[in-house]
Amino acid sequence: MTWAEPSSTATALLLLGRGADPNTEKGVECPGDLPAPSDPDLVERAARAKAALGDRVFVLGHHYQRDEVIQFADVTGDSFKLAREAAARPAAEYIVFCGVHFMAESADILTSDRQRVVLPDLAAGCSMADMAALVQVEKAWDRFTELGIAGEVVPVTYMNSSADIKGFVGRNDGVVCTSSNAETALRWSFEQGTKVFFLPDQHLGRNTAVLKLGLELSDCVLYDPHKPNGGLTDEQLRAAKMILWRGHCSVHGRFTLDSVDDVRERVPGVNVLVHPECRHEVVTAADHVGSTEYIIKTIEAAPAGTAWAVGTELNLVRRLALAHPDKQIMFLDRNVCYCSTMNRIDLPHLVWALEELVAGRVPNEIVVDADTAHYARVALDRMLALP
Ligand code: 13P
Ligand code: SF4
C-alpha cells in the first residue's frame, strides 16, 4: 500500500443520509421557485446568468458534484484546494459553493466580510460533520480537564466538521486538517503535545496515525459521545496517544475488505486506490491511498491498459472512467453509491441561485457568527501555514 500525499455497472444506490447539519435542517425546502428539472433551457439559463454576473461571481465545485453542476465550476478540487481557492479570490463578490455546508462555512470564514457565500441547496449537509456537535465535544474536553490531561491534548479537526467545531479547535490551540495534509497536521500536533483528540472521522485519524506516523493500533482509543464517559476508562484515556471521535463517512464507510478481495479476484492485476476515509482494513489492503485530488492525479499518471478499482464517491469515479477510456476504471464496490447530500446540488438549484444573484438577491447565504469565525479562522490559518 502506498499513501503518497500531498503534493458502472452495478445498481446505483443512493444513500439517504440525515441530510443537513442542525443549521440547515430548518430550511431544507428551497425558499424560492425552483425551475423544473425537465426544463430544456437549464444549461442555457445557467450560462446566461453566470455570464451576466461575470467576475462578480466565482463558482467552486467539489469533485463529488454532479457533472451537470461541475460544468459551471470555475475551479474544481478537493476540500483543501477549494478552501485555498476561496481565500484567494478577494475580488469576487459572490462565492457560489457547489459542495456541502461545512465547505461553504469554511469559505465564509476565509473570505472577507464584503464577500457573500451561497450554498445552492441548504439541505446539502454532511452526515459525518453532523456526528460531532459542539456540546458533545465540550463534554469530552471537560472530562480531559478533570483527568488533568487537557494540557497535553491537541485537538485536530478534519475539514469535514462544522464551524463550531473548528472554532473549538482554534480556541484550544489545535488545527484543522484535510485528507491531503492530515499527516503534516498530526506531526505538527505531536510537536505541541503528547496526545491528539481527532474529530470527527475516526478512520482518517486512525489511518494517518498508524500508517503514516507509525503509531500502534493500541495507541488509539475510540471516544463514543453516546456512551457515558465516551465509553473509556481513565486509564485508557491516560495511556492513549490518539483519542478518535466516533464518526465516519457514510459513503466511504461502505467499502469493506470483501470489496477489495472480490475485485482482486474478478480483475487480476487491478490496482486498488482508496480515500483515507475508508476503514483501516480497507486502506491497509489497498495499493494506493489518498485524497480525491491525489486519486485524480494517480489515475491521470497511470499507463494505458492498467486497471483501477477506486474506493471513493461515484460521481468522481464515473467522471474518471469517462475521461480515461484507455484505462479500465471501476467502482470498488458492487453497490455503487453517491453521496446523497453532495447530490442535493443539482442544475435547478444552481440556476435558481445564479438567477437570484442576477436579480440582486442573495439566496441561501452562509454566514458564520463573528466569534466562531474568528477562532475557526485561527485553526484554518494554522492549517494553511503548515509546510
Ligand atoms: P477531500 O475532498 O478532502 O478528499 O474529502 C472527501 C470528502 O469526503 C469531502 O466531503
Ligand atoms: Fe460527508 Fe462523506 Fe458526503 Fe464527504 S462523502 S460530504 S464526508 S458524507
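As the structure lists them, so they are numbered: ligands from 1, and atoms in each ligand from 1. Basis for what follows: all heavy atoms, side chains included, without hydrogens, waters or symmetry-related copies. Nothing here was measured: the structure is a model prediction, and the numbers come from that model.
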Q: Just do the side chain to side chain contact (heavy atoms under 4.5 Å, CB included) check on W308 and T298 with the steps written out, would you?
A: CA-CA 10 Å; W308 294 83; T298 304; 3.8 Å; yes
Practice problem: Could you please spell out the steps behind the side chain to side chain donor-acceptor pair (under 3.5 Å) verdict for T184 and N181? | Solution: CA-CA 5 Å; T184 315; N181 64 11; over 6 Å; no
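F168 and W141 have perpendicular rings, their planes meeting at more than 60° on a 0 to 90° scale where under 30° would count as parallel. The aromatic rings of W245 and Y223 lie parallel to each other, with less than 30° between the two planes, well short of the 60° mark.
Annotation: T292 places an N or O atom under 3.5 Å from an N or O atom of ligand 1; distance criterion only. When only interatomic distances are considered, the shortest N/O to N/O separation between S79 and ligand 1 falls below 3.5 Å. Considering backbone and side-chain atoms together, D78 places no N or O closer than 3.5 Å to any N or O of ligand 1. Any N or O atom pair closer than 3.5 Å counts here, and H62 shares at least one such pair with ligand 1.
Using a 4.0 Å cut-off between heavy atoms, H275 contacts ligand 1 through its side chain alone, with no backbone atom that close. With a heavy-atom cut-off of 4.0 Å, Y294 does not touch ligand 1 at all. Under 4.0 angstrom from ligand 1, the non-hydrogen atoms of E277 all belong to its side chain.
Looking at D78 and T178, their side chains never bring a donor and an acceptor atom within 3.5 Å of each other.
Atoms of ligand 1 found under 4.0 Å from any heavy atom of N160 (numbered from 1 in listed order, with element): 7 (C), 8 (O), 9 (C), 10 (O). Using a 4.0 Å cut-off to heavy atoms of M103, the atoms of ligand 1 that qualify are 9 (C), 10 (O).
Between I295 and V274 the shortest heavy-atom distance is CD1-C, 4.2 Å.
Residue C249 places no heavy atom under 4.0 Å from ligand 1.
Scanning the protein for heavy atoms near atom 1 (P) of ligand 1, the closest one is S179 OG, 3.4 Å.
Under the rule for a side chain to side chain donor-acceptor pair (under 3.5 Å), N229 has no partner lying at least two apart in sequence or in another chain.
Clustering ILVMFWY residues whenever any of their side-chain heavy atoms sit less than 4.5 angstrom apart, transitively, puts V362 in the very cluster that holds V57.
Counting only protein N, O or S atoms closer than 2.8 Å to atom 3 (Fe) of ligand 2 gives 1.
Salt bridge absent: D74 and R89 never bring a charged side-chain N and a carboxylate O closer than 4.0 Å. By the 4.0 Å N-to-carboxylate-O rule, E85 lies too far from K81 to be salt-bridged with it.
Distance CZ/R319 to CD1/I70: 4.5 Å, rounded to 0.5 Å.
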